[in-house]
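Written below as structure tokens is the structure these notes are about.
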Amino acid sequence: MNPDESCIVRHFNQFYPLSAVDKSLLTRLEDSAIPVKAGTPLWEERDRAHEFCTLKRGWAYSYRELENGTRQILEIYLPGDIIGLREFAFSQRLAGVQMIEDGEACFFPHCHLVDIFRQSFTLTSILFAIASRQQVMLTERLVNLARRNARQKQAHFLLEMCQRIKQTHGDGCESFRLPLSQEILADLLGLSPVHVSRTFTALNDDGLIFRERYSVTIPDMEALKHEAGFDDRYLVENMRPLFQEASA
């Protein structure tokens, strides 16, 4: 594989420019990709936690099943994301992970990550930054669920996805693919599917979001940010100052 075509290399390059050696180490994590169908669990809650997973292609989500038979979706994963970092110190899975669409996943044992720790200060630092970012995203999700109304929740989430897609693909995100059903959005945002549909209609009527099946267009980014109270500080990373200090 050409390292520059690797999803995980593009993902890590967001944080700091990678050397050829670092790119080579990362592309090994995408070896032995296996095809996975939409709806396939990558693992379930309480499964043994002994490996990580990277998404080479396709979207996935993590979730917790609740006692009343409902579920709370915790995170949405995109190609290049590493799944399972928070469970590195645990023997059991804390949440299930399921594919949203057909894709490819690459599984690798914890010891492979330990090898990276031994061989690359840069990749170790970026992995720590990624784990920190995932934690901050969950914090923002908690605020979104608890303190924002339906319009703000939906607008905020779409802006978050827009920013993440832009960072991975390196181009604009005024229009982007969002392969999430109303049921998935409802379980993510703490709404009902009907409420999700009505909110999309209201945002469309106000000219803030246009959605056609799995395609979303944001005609006025600043207006939508104002609607959502969106501040992208939790998504914007720059580790260059850290490495400059380390080399000083």
Side-chain angles (χ1 to χ4, degrees), residues 36-55 58-79 81-103 105 107 130-162 164 177-204 209 211 213-214 216 227-230 234-235:
V36 280
K37 293 290 187 181
T40 300
L42 299 183
W43 56 71
E44 297 181 354
E45 190 178 349
R46 300 187 184 279
D47 282 354
R48 182 179 170 225
H50 64 286
E51 59 186 359
F52 299 100
C53 173
T54 61
L55 282 182
W59 291 33
Y61 64 84
S62 62
Y63 63 95
R64 288 282 302 274
E65 296 282 3
L66 305 180
E67 292 78 6
N68 62 2
T70 62
R71 67 180 178 179
Q72 176 65 49
I73 291 179
L74 305 173
E75 293 184 82
I76 302 295
Y77 296 105
L78 308 180
D81 283 344
I82 296 181
I83 307 174
L85 281 177
R86 278 196 302 276
E87 297 164 335
F88 187 41
F90 293 84
S91 60
Q92 288 186 333
R93 296 295 183 190
L94 305 178
V97 178
Q98 183 169 306
M99 293 298 296
I100 293 171
E101 57 182 352
D102 293 351
F107 294 88
I130 288 172
S132 300
R133 182 199 195 198
Q134 290 181 354
Q135 185 60 43
V136 170
M137 287 175 64
L138 276 180
T139 301
E140 192 67 23
R141 186 91 66 242
L142 175 62
V143 173
N144 211 30
L145 284 168
R147 293 299 179 186
R148 295 186 176 113
N149 62 36
R151 284 173 62 101
Q152 291 172 323
K153 287 180 182 181
Q154 219 149 301
H156 194 280
F157 172 71
L158 293 173
L159 287 165
E160 177 181 290
M161 296 309 301
C162 170
R164 290 177 63 190
R177 189 176 69 92
L178 188 78
L180 307 182
S181 67
Q182 288 181 182
E183 289 74 17
I184 288 177
L185 287 168
D187 289 346
L188 178 75
L189 300 175
L191 303 170
S192 70
V194 171
H195 206 165
V196 168
S197 178
R198 288 175 178 168
T199 303
F200 266 124
T201 298
L203 292 170
N204 180 89
I209 295 171
R211 185 191 188 208
R213 286 185 57 79
Y214 295 142
V216 172
E227 173 74 32
F230 184 77
Y234 74 107
L235 294 171

Original post:
Which pair of non-hydrogen atoms, one from Arg148 and one from Asn144, has the smallest distance, and what is that distance?
Top reply: CD-OD1, 3.0 Å

Subject >> Heavy-atom pair of closest approach, residues Arg151 and Ala202 >> reply: NH1-CB, 3.7 Å

Without placing hydrogens or testing angles, list every side-chain donor-acceptor pair under 3.5 Å for residues 42-50, not counting sequence neighbours.
from	atom 1	to	atom 2	distance (Å)
Trp43	NE1	Ala95	O	3.4
Glu45	OE2	Arg64	NE	3.1
Asp47	OD2	Glu44	N	2.8

Subject >> Side-chain heavy-atom pair Trp59, Asp81 within 4.5 angstrom cut-off >> reply: no

Could you pull out all donor-acceptor pairs under 3.5 Å where a side-chain atom in residues 66-78 meets a protein atom, sequence neighbours excluded?
from	atom 1	to	atom 2	distance (Å)
Asn68	OD1	Thr70	N	3.1
Asn68	OD1	Thr70	OG1	2.6
Arg71	NE	Asp187	OD2	2.5
Arg71	NH1	Tyr61	OH	2.4
Arg71	NH2	Asp187	OD2	3.3
Gln72	NE2	Asp187	O	3.0
Gln72	NE2	Leu188	O	3.2
Glu75	OE2	Tyr77	OH	3.0
Glu75	OE2	Arg86	NH1	3.1
Glu75	OE2	Arg86	NH2	2.4

**OP:** List the steps and the verdict of side chain to side chain contact (heavy atoms under 4.5 Å, CB included) for Phe200 and Asn204.
**Re:** CA-CA 6 Å; Phe200 266 124; Asn204 180 89; over 6 Å; no

**OP:** Please tell me if the side chains of Ile100 and Leu180 come closer than 4.5 Å, counting only heavy atoms from C-beta onward.
**Re:** yes

**OP:** Working to the nearest 0.5 Å, report the span between OG1 of Thr199 and NE2 of His195.
**Re:** 4.0 Å

Subject >> Under-4.0 Å salt bridge between Glu140 and Arg133 >> reply: no

Original post:
Taking all non-hydrogen atoms of both residues, which atom of Ala186 and which atom of Pro193 are closest, and how far apart?
Top reply: CB-N, 3.6 Å

Subject >> Val216 versus Arg211, closest heavy-atom pair with distance >> reply: CG2-CG, 4.1 Å

**OP:** Look up atom CG in Leu158 and atom CD1 in Ile209, then write down how far apart they are to the nearest 0.5 Å.
**Re:** 4.5 Å

Subject >> Contact summary for Ala228 and Leu159, nearest pair of heavy atoms >> reply: CB-CD1, 4.0 Å

Original post:
Is the closest side-chain heavy-atom distance between Met99 and Leu55 below 4.5 Å?
Top reply: yes

Subject >> Distance (rounded to the nearest 0.5 Å) between Glu87 CD and Gln92 CD >> reply: 10.0 Å

**OP:** Compare all side-chain heavy atoms of Phe230 with those of Leu235 and state whether any distance is below 4.5 angstrom.
**Re:** yes

Original post:
So, for Val36 and Ala105, which heavy atoms are closest and what is the spacing to 0.1 Å?
Top reply: CG2-N, 4.1 Å

Original post:
With a 4.5 Å heavy-atom cut-off, do Gln152 and Asn149 have their side chains touching?
Top reply: yes

Original post:
Are Glu101 and Tyr214 side-chain neighbours, meaning at least one heavy-atom pair lies under 4.5 Å?
Top reply: no

Original post:
Can Gln154 and Leu191 be said to form a side chain to side chain contact (heavy atoms under 4.5 Å, CB included), step by step?
Top reply: CA-CA 10 Å; Gln154 219 149 301; Leu191 303 170; 3.8 Å; yes

**OP:** Flag the pair Tyr234 / Thr139 as yes when at least one side-chain heavy-atom distance between them is below 4.5 Å, and no otherwise.
**Re:** no

**OP:** Find out whether Ile184 and Tyr63 are in side-chain contact, i.e. whether some heavy atom of one side chain is under 4.5 Å from a heavy atom of the other.
**Re:** no

Original post:
Atom OG of Ser192 and atom CG of Leu189: how far apart are they, to the nearest 0.5 Å?
Top reply: 11.0 Å

